[in-house]
Asks: 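Got a structure here, written out as structure tokens. Questions coming.
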Amino acid sequence: MPAPPPGAARGGRTPSKTEILAAKGSARLEQTRGRIRKRLNRRLTTVGILPTMVKLSTRHHRDTLADVEAWAARLGVPASPLAPVGAAH
């Protein structure tokens, strides 16, 4: 396999809204990253999962955030959410 082109990314963070369909879409993005890793750039890694638009006041978001954090743990990467929506500044 040839070396990746100059300037090719070595790592990426996967964004994921804390909604079930968005989380599934992020999982598909990770599958695509795996295909890129296999075919084009073996050095490409996932450096983390980035939960976005987290509303901790809703149970649905808390449950989905827990799923996203479990998914990140399976990948062996951190899940570091941005400040939750409505959080004190």
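The figures here come from the full heavy-atom set of this structure, side chains too, leaving out hydrogens, waters and symmetry mates.
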Asks: Looking only at heavy atoms, which two atoms of Gly12 and Arg33 are closest? And how far apart?
Replies: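 Of all heavy-atom pairs spanning Gly12 and Arg33, the closest is O-NH1, 3.7 Å.
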Asks: For Arg10, which residues count as a side chain to side chain donor-acceptor pair (under 3.5 Å) partner, sequence neighbours excluded?
Replies: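 Here no residue qualifies.
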Asks: What closest approach, in Å, do Thr18 and Met53 show between heavy atoms, and which atom pair accounts for it?
Replies: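 Shortest heavy-atom separation between Thr18 and Met53 comes out as OG1-O, 3.5 Å.
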Asks: Rounded to the nearest 0.5 Å, what's the gap from CG on Leu29 to OG1 on Thr14? Could you check?
Replies: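 Here the interatomic distance stands at 5.0 Å.
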Asks: Would you mind reporting whether Arg62 and Leu56 have side-chain heavy atoms less than 4.5 Å apart?
Replies: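 Leu56 reaches Arg62 side chain to side chain.
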Asks: Between atom NZ of Lys55 and atom NE2 of His60, what is the distance when rounded to the nearest 0.5 Å?
Replies: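 Here the rounded value is 10.0 Å.
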Asks: For Asp63, enumerate each residue passing the salt bridge (charged side-chain N to carboxylate O under 4.0 Å, His left out) test, keeping only those at least two apart in sequence or located in another chain.
Replies: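 Asp63: salt bridge (charged side-chain N to carboxylate O under 4.0 Å, His left out) contacts with Arg59.
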Asks: Only counting residues at least two apart or in another chain, list the ones meeting side chain to side chain contact (heavy atoms under 4.5 Å, CB included) with Thr45.
Replies: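 Only Val47 meet the side chain to side chain contact (heavy atoms under 4.5 Å, CB included) criterion with Thr45.
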Asks: Determine the minimum heavy-atom distance between Leu44 and Gly11, stating which atoms define it.
Replies: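 Closest heavy-atom pair between Leu44 and Gly11: CD1-N, 3.9 Å.
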Asks: Applying side chain to side chain contact (heavy atoms under 4.5 Å, CB included), can you list everything that pairs with Leu75, at least two apart in sequence or on another chain?
Replies: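 Leu75: side chain to side chain contact (heavy atoms under 4.5 Å, CB included) contacts with Glu30, Ile49, Trp71, Val77.
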Asks: Kindly list each side-chain donor-acceptor pair under 3.5 angstrom involving residues 19-28, sequence neighbours excluded, with atom names and distances?
Replies:
from	atom 1	to	atom 2	distance (Å)
Ser26	OG	Pro15	O	2.7
Ser26	OG	Ala22	O	3.2

